[in-house]
2 protein chains.
Amino acid sequence: MSIMSSQPVFALDLQSLIRAKSVASAASASDQRPKVSTKDRILNATEALFIARGFDGTSLRAITTDAAVNLAAVNYHFGSKEELFSLVLTRRIDVLNAERLRRLDALETVGLDGVHGLEQIIATLFLPALALARDTAQGGEDFLRLLGRAYADPAPFVRSLLAERYASTNARFKAAFARALPDLANEDLSMRLHFILDSVAASLAADDVRRQLKGLKINARANDEDDLQFLAYLAPFLAAALRAAVRQPKQIAALKALAA
Amino acid sequence: MSIMSSQPVFALDLQSLIRAKSVASAASASDQRPKVSTKDRILNATEALFIARGFDGTSLRAITTDAAVNLAAVNYHFGSKEELFSLVLTRRIDVLNAERLRRLDALETVGLDGVHGLEQIIATLFLPALALARDTAQGGEDFLRLLGRAYADPAPFVRSLLAERYASTNARFKAAFARALPDLANEDLSMRLHFILDSVAASLAADDVRRQLKGLKINARANDEDDLQFLAYLAPFLAAALRAAVRQPKQIAALKALAA
DNA sequence: CATCGATTCAATCGATTGATTCAAACAGAT
DNA sequence: ATCTGTTTGAATCAATCGATTGAATCGATG
């Protein structure tokens, strides 16, 4: 303590003292400074702030303050704010989409189940997301929040990044849904699919929805079995929505009588 | 033209010339400057920019440039950026919620239909939105975009504004849904309701979804009859989703076999 | 220990943000 | 036409934005 006083000391001596101290603490049992690299601290802080405030609402100064690094470290390690956020988004979503495509490939080589083909595709879409939400190395629960925020962010940079990078994946799944729902017109399918994908993303981004998930104890999932249980909760909801018939004259007449 | 040259002129003369010119054009047949007040021009420009870029992404200078008014006019007429956006949001959503509550009141005095009670509530929620989307005085199609963007905006100011101002309305509709779905657990209802409301908002905010709506010619609605037709397209989708059973052991087993 | 590339640091850049100023111009009442 | 309160305009404020600089310091290598 007294060594660290403000009295003038030899700069070299002071630095060597600090260096020795940090090395000592790293070797100690408590390990007060967890060995997380500057790059990773910036990425993690950026992810947390993006979830809470979006792209425009997150400044580099807020990031570097939370990450306890120098402001210039962002441009040194990542080049620019956009390149940083691009990495933050893709390091999560790329993993998700790769697993989704892997499962879809496997599913299409075996062929869709005639009766439950729709549930199979839904499972292919959502099980990877649920699995990643349990993987702390992939952000855990924050993974779902990141996903929701990313698809809702109004910044042109974010929207173009998602649209361009995952266009082919979306096309693959739309084609799969089209085969499972042969009677649904292409335009109807596009709308309902987009509706569902945006829906899940938006809902998962909302804090109170996740709080309710926790209340249902379906957020304490610990293994794939629990994921299936959660999907059994969600899949009928989504499958029923996708299978619902469209624009039957009878329904119009019924609604007309009811909505007066 | 030559009068407007950069040569020194009497300030008063120049101003009077400009004034005379604008007055003349206002009296002319073409009427190049539509008599929209400064206040309304700011509100309209703010709405358009909020839809496109969100709260954080919209600067007062972008607003005043689009509205062709002076920068100081914003703070003079509205006090601050937040007060301006608060007005922009509430002038639309207040109308929507008032009409929703009016219809809900009427529905509850008559009593819910036993068979189609759920569709009645859904109609109560969505018909006012569809009607407003046809009313150019209420923003027309932009009304839906505003709604979607508002519920997705990450700015704390926007989120707290919506949560506080419309909490009671949401509670009213949740209670109504609970009566129409007596077998659905309260937590399940909360989640699904939030899921649906966020869903519609998020979907309507997406440009390509509205483009698909246009392709289905359900966006060319001109009267209440057409609204009912559109609702006949959407209501079965939503009702089926809400009515879908939850967590049946049979479905879990089926999914387990399928998701391998 | 000396050297060198990699990294961190404080300081600062020009641009943009929301907000404010005060004089000029305005519309309506008398 | 004159007066009076309201509205507009150009200029500018301090604060913050993303980005950059060059020196200081780091860890690894010879």
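Just so it is clear: chains get the letters A, B, ... in the order the sequence lines come, proteins before strands, and each one is counted from 1. These numbers come from a predicted model, not from an experiment.
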| So Phe157(A) and Phe55(A), would you call those rings parallel, tilted or perpendicular, with 30° and 60° as cut-offs? |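 Ring orientation of Phe157(A) relative to Phe55(A): tilted.
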Please report, rounded to the nearest Å, how far the [atom2] atom of [N] is from the [atom1] atom of [X].
| X | N | atom1 | atom2 | answer |
| --- | --- | --- | --- | --- |
| Lys81(B) | dA15(D) | NZ | C1' | 14 Å |
| Lys39(B) | dT7(D) | NZ | P | 8 Å |
| Arg41(A) | dT7(C) | CZ | P | 14 Å |
| Ile42(B) | dA19(C) | CD1 | C1' | 14 Å |

| request: Could I get the full list of salt bridge (charged side-chain N to carboxylate O under 4.0 Å, His left out) partners for Arg172(A), not counting sequence neighbours? | output: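 For Arg172(A) the salt bridge (charged side-chain N to carboxylate O under 4.0 Å, His left out) partners, ignoring immediate neighbours, are Asp105(A), Glu108(A).
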| Stepwise, does the side-chain contact (heavy atoms from CB on, under 4.5 Å) test hold for Glu47(B) with Leu89(B)? | CA-CA 8 Å; Glu47(B) 181 172 87; Leu89(B) 294 179; over 6 Å; no
| said: Going by ring pair (Phe, Tyr, Trp, His ring centres under 6.0 Å), name the residues that satisfy it together with Phe143(A), two or more places apart in sequence or in a different chain. | reply: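 Phe143(A): no ring pair (Phe, Tyr, Trp, His ring centres under 6.0 Å) contacts found.
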| task | List in numerical order all residues of residues 54-78 of chain A for which some heavy atom is under 4.0 Å away from an atom belonging to DNA chain C. | result |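 The stretch gives Asn70(A), Ala72(A), Tyr76(A), His77(A) as the residues lying under 4.0 Å from the strand, ordered by number.
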| task | Output yes when at least one side-chain N/O atom of Ser80(A) is less than 4.0 Å from OP1 or OP2 of dG18(D), else no. | result |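 Checking dG18(D) against Ser80(A), no side-chain N or O comes under 4.0 Å of OP1 or OP2.
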| field | Thr38(B) vs dT8(D): side-chain N/O to OP1/OP2 distance below 4.0 Å | value |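 So the side-chain polar atoms of Thr38(B) do come within 4.0 Å of the phosphate oxygens OP1 or OP2 of dT8(D), strictly under.
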| query | Are Asp142(B) and Arg92(B) close enough, and set up right, to give a salt bridge (Lys or Arg N to Asp or Glu O under 4.0 Å), and what steps lead you there? | reply | CA-CA 10 Å; Asp142(B) 289 337; Arg92(B) 300 288 185 219; over 6 Å; no
| query | Can you find a pair of side-chain heavy atoms, one from Leu43(A) and one from Phe78(A), that are under 4.5 Å apart? | reply |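 Yes; the side chains approach each other to less than 4.5 Å.
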